[in-house]
2 protein chains.
Amino acid sequence: MCSLCAGPHGPPGRVPHYERVEKVRLLVVDDDPPIADLVATVARYEGWDAVTANTGEEAVALAGEFRPDIVVLDLMLPDVDGFGVLDRLRRSGTMVPVVFLTARDGVADRVAGLTRGGDDYLIKPFAVEELMARLRTVLRRSAGPAFQRSVLRVADLTMDEDTREVRRGDRLLTLTPTEYEVLRFLMRKSPTVMTKAQILDHVWEYGFGGRSNVVELVVSRLRRKLDDTGAPLIHTVRGFGYVVRQAAE
Amino acid sequence: MCSLCAGPHGPPGRVPHYERVEKVRLLVVDDDPPIADLVATVARYEGWDAVTANTGEEAVALAGEFRPDIVVLDLMLPDVDGFGVLDRLRRSGTMVPVVFLTARDGVADRVAGLTRGGDDYLIKPFAVEELMARLRTVLRRSAGPAFQRSVLRVADLTMDEDTREVRRGDRLLTLTPTEYEVLRFLMRKSPTVMTKAQILDHVWEYGFGGRSNVVELVVSRLRRKLDDTGAPLIHTVRGFGYVVRQAAE
DNA sequence: TGGGAGCTGTCGAGAAGCTGTCGGACAACT
DNA sequence: AGTTGTCCGACAGCTTCTCGACAGCTCCCA
């Protein structure tokens with residue numbers, strides 16, 4: 001398998017909890033092609049249909065024919081700006097939910113207010129897994145009130161993505177944001193082994209320079225919190241990476 | 001699950017008394033599409049059926065075929081004005097309750113007279129949670145004189161949405177309007193963790209620019225009032241947001 | 001119309017908690 | 001026994017949170 005590939009290498013076949021019969025259709029709008037492609041690639045890996053647009057014009061046109069279920073929209077576009085695109089989407093009657101991307105220094109102020117309809121936003125540079133998590137949440141909520149809580153479970157380890165409660169058996173764990181994200185990633189991919197590079201690429205912001213042993217460190221901290229009771233669930237695959245699963249063999 | 005329920009994620013026990021089987025049908029009439037959509041979207045996230053109209057004509061026509069249970073009506077419309085629409089609705093025999101929207105400087109006085117029938121009104125710009133709260137109240141009242149009180153409860157913290165009484169155990173708390181709204185929002189969403197952006201976006205008026213630590217501040221004030229006795233109920237999820245729930249273990 | 005009371009948001013300092021770097025101990029494979 | 005990879009304690013820098021102080025504002029009442 002490709003060690004450079006950003007994507008997880010589990011066979012696409014792991015059906016997530018928010019399963020639906022049809023593929024989720026995602027439109028990614030960003031004038032920076034690498035970013036747009038990054039998002040689209042990750043989404044496809046989750047089994048979604050994804051298309052990208054690099055301008056506002058293109059976005060509006062594509063939305064019309066592709067009919068996405070959800071949109072990722074950069075607010076800094078060369079032609080029409082993000083808000084313009086949003087207007088035009090809405091005016092054409094689409095109630096499609098949107099997750100916005102914005103630069104930290106940029107329009108962050110004007111963005112306030114966007115979580116209201118159920119839309120959400122993320123500040124660049126973001127972590128891919130965080131974006132995917134938000135997309136899933138927004139999708140789940142837009143599906144109506146009957147949606148299920150999203151709870152990840154591996155053996156006696158559970159993670160409730162709404163309450164952010166993580167439990168090993170009965171014991172409630174207190175995780176820091178980074179620990180939480182790493183664990184969520186590993187649990188989602190379980191029982192597939194993830195390389196350290198993959199973990200780094202998905203959980204840390206793209207562009208993160210850390211050529212270090214951060215991943216090992218966070219895993220180490222996680223272990224202390226969740227593996228000090230009972231059989232270990234985080235396993236090292238020497239020379240390769242980590243995996244969360246019930247002790248095999 | 002209850003179509004009027006605060007949120008999609010109610011664990012058993014949080015289903016309000018004014019439960020009904022069918023989805024609430026809401027008609028939103030506002031000539032400003034973003035506002036109309038905002039309201040419609042929020043309502044849909046609560047599990048309601050919502051449609052929007054941007055003119056008086058459209059509104060009257062839609063009301064006929066959609067048969068809403070409740071109407072949100074902007075009084076400043078380009079063609080027929082809000083009062084005209086109301087007249088025509090009433091004359092066609094509908095007793096559908098209405099919540100009016102009006103500009104601050106506008107016709108507030110004349111509106112006051114209209115709220116006697118159980119209708120209500122709100123001044124623009126409003127906060128979405130406040131609007132939803134009023135809609136729920138009006139609906140409950142229109143369900144008949146024997147309507148049940150709506151009381152939110154988390155552990156020994158109770159909030160009576162009719163009397164606005166908030167109690168921690170026996171102790172009656174005196175909350176300011178903002179504190180009340182923030183607490184209501186958190187209680188409604190409990191035990192889901194809300195980000196500060198979500199709180200800001202739902203509880204403050206749309207268009208509020210406050211890029212500050214208002215939310216933190218209000219939470220801090222709330223804590224002093226309700227968490228100084230007994231176990232804390234408002235919890236900080238560092239790097240993420242706040243949640244109201246009984247301390248888990 | 002003026003005065004007072006209470007509410008709200010800004011500022012900022014201090015506290016608390018999180019994160020990544022370094023480096024040495026340790027373990028696993030050859 | 002050497003080599004490579006992993007684990008994790010300690011620490012410093014940084015981010016985030018908390019909350020006192022204060023000033024503008026609104027609302028109410030005389």
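Bear in mind the structure is a predicted one, so any value in this text is a computation, not a measurement. Throughout, protein chains are lettered first and strands after them, A, B, ... in sequence-line order, and every chain is numbered starting at 1. Side chains are part of it too, since the values below use all heavy atoms of this structure and drop only hydrogens, waters and symmetry mates.
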Electrostatic pair A/Lys225-A/Glu179, nearest N-O below 4.0 angstrom: yes
Protein-nucleotides 25-30 of chain C N/O pairs under 3.5 Å:
none

Step-by-step salt bridge (Lys or Arg N to Asp or Glu O under 4.0 Å) determination, B/Arg44 to B/Glu46: CA-CA 5 Å; B/Arg44 291 197 188 101; B/Glu46 298 256 326; over 6 Å; no
OP1 or OP2 of C/dT19 under 4.0 Å from side-chain N/O of A/Thr178: yes
Side-chain heavy atoms of A/Pro97 within contact of B/Tyr45, under 4.5 Å: yes
SB check A/Glu129 A/Arg136 (cutoff 4.0 Å): yes
Length of the NZ-P vector between B/Lys225 and D/dC19, whole Å: 14 Å
Interatomic distance where CH2 belongs to B/Trp204 and P belongs to C/dT10 [whole Å]: 10 Å
OP1 or OP2 of C/dC18 under 4.0 Å from side-chain N/O of A/Tyr180: no
Interatomic distance, B/Asp227 CG vs D/dC17 C1' [rounded to whole Å]: 15 Å
Length of the CD1-C1' vector between B/Ile199 and D/dC17, whole Å: 13 Å
B/Lys196 vs D/dT16: side-chain N/O to OP1/OP2 distance below 4.0 Å: no
Give me the distances for all protein-to-nucleotides 20-22 of chain D N/O pairs that come in under 3.5 Å?
{"residue": "D/dG20", "atom": "OP2", "partner": "B/Arg224", "partner atom": "NH2", "Å": "3.2"}

Salt bridge (Lys or Arg N to Asp or Glu O under 4.0 Å) assessment of A/Arg221 paired with A/Glu216: CA-CA 9 Å; A/Arg221 285 172 177 158; A/Glu216 294 170 11; over 6 Å; no
Residue closer to the 5' end of DNA chain D, A/Arg223 versus B/Gly241 (nearest nucleotide): A/Arg223
Test salt bridge (Lys or Arg N to Asp or Glu O under 4.0 Å) applied to A/Asp162 and A/Arg140, step by step: CA-CA 11 Å; A/Asp162 288 307; A/Arg140 236 177 338 123; 3.3 Å; yes
Aromatic plane relationship, B/Phe126 with B/Tyr206 - under 30° parallel, 30 to 60° tilted, over 60° perpendicular: perpendicular
Presence of B/Thr176 side-chain N/O under 4.0 Å of C/dT8 phosphate oxygens OP1/OP2: yes
Rounded interatomic separation in angstrom, taking CG from B/Leu175 and C1' from C/dT8: 15 Å
Inter-residue atom distance A/Arg245.CZ - A/His235.NE2, 0.5 Å rounding: 6.5 Å
